[in-house]
Every structure is written in structure tokens, then in C-alpha cells.
Amino acid sequence: FFNDYNTHSSGDYWECSLIKQDGNGSFTVRIWPSKEHDQPLWARNDLPRYLTNYPQESIQLFHKPYHSDQHLSGAFRHHIGIPEEMMPKQWKNEGRTSHP
């Protein structure tokens, strides 16, 4: 389940990097300082923060804008044209000026 990166603004989430899977649905993660809170002591002292056996249920995945595979420089993008005669008449907006 992915959440929208742009619409979460509660400050409840701290960015982390998944380091390894510990088994039984838990992970070792590196926590990054939150932009929504004051920097904790470990961040001010330039020390990394690792958590082990962190439950998978506590990890939320977010899509960062323009970071998905479709935005890679070598991604294949091409217009796919569908012939007009393949579309059912009910799907076409011919003669209609507004939608119901």
C-alpha cells in the first residue's frame, strides 16, 4: 500500500531506509531526521539512528514525485493509438457538449 507523498503533512512519519529484512515481518531501518520536528540529539551529533526488529506494519511507503520508473531517462514512452472504429459508440462523446 502506497500513500501520496505530497498529501501527508501531519509530521507523524519519519523517513527511513530499509537496511535488511530481519525475518518474521520485521526490518532493520535507518531513521532520518524529520523535517517537521526539531533535530534530535543523535542527528545534531551526526550519529546515524538504526532500529532493529522494526515491524513491517509500522512502515508506510510513499511515492515521491517524479521518482517512479516511468521517469527514468531510458524509460520507453510511446503514444499508443487506438483506431476510432474499435471504440464502442457508447464510449464516444460525439455531439455532446457536456457530461451528465
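Atom set for the values below is all heavy atoms of this structure, side chains included, hydrogens, waters and symmetry mates excluded.
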Legend entry - Partner set under ring pair (Phe, Tyr, Trp, His ring centres under 6.0 Å) for F76, not counting sequence neighbours: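 Result, ring pair (Phe, Tyr, Trp, His ring centres under 6.0 Å) vs F76: none returned.
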
Inset, instruction - Tell me, please, which residues at least two apart from H71 pass ring pair (Phe, Tyr, Trp, His ring centres under 6.0 Å). - result: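 By the ring pair (Phe, Tyr, Trp, His ring centres under 6.0 Å) rule, H71 matches Y66.
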
Legend entry - Set of residues satisfying side chain to side chain contact (heavy atoms under 4.5 Å, CB included) with respect to R77, sequence neighbours excluded: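 Partners of R77 under the side chain to side chain contact (heavy atoms under 4.5 Å, CB included) test: A75.
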
Legend entry - All side chain to side chain contact (heavy atoms under 4.5 Å, CB included) counterparts of D38, not counting sequence neighbours: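 Testing D38 for side chain to side chain contact (heavy atoms under 4.5 Å, CB included), a comparison that skips the adjacent residues, returns none.
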
Inset, instruction - Could you tell me which non-hydrogen atom of G23 sits nearest to which non-hydrogen atom of S26, and how far apart they are? - result: O-OG, 2.9 Å

Inset, instruction - Apply side-chain hydrogen bond (donor to acceptor under 3.5 Å, both in side chains) to W32 and list each qualifying residue two or more places apart in sequence or on a separate chain. - result: S17

Inset, instruction - Measure the CG-CZ distance between D22 and F27 for me, rounded to the nearest 0.5 Å. - result: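 Going from the CG atom of D22 to the CZ atom of F27 covers 8.5 Å.
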
Inset, instruction - Any chance you could pull the hydrophobic cluster mates of I82, using side-chain heavy atoms under 4.5 angstrom and chaining through other members? - result: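 Its cluster partners, ordered by chain and number, are M86, M87, W91.
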
For residues 48-59, which side-chain donor-acceptor pairs fall under 3.5 Å, sequence neighbours excluded?
none

Legend entry - same_hphob_cluster(L41, I31) at 4.5 Å side-chain heavy-atom cutoff: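 No; I31 is not reachable from L41 via cluster members.
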
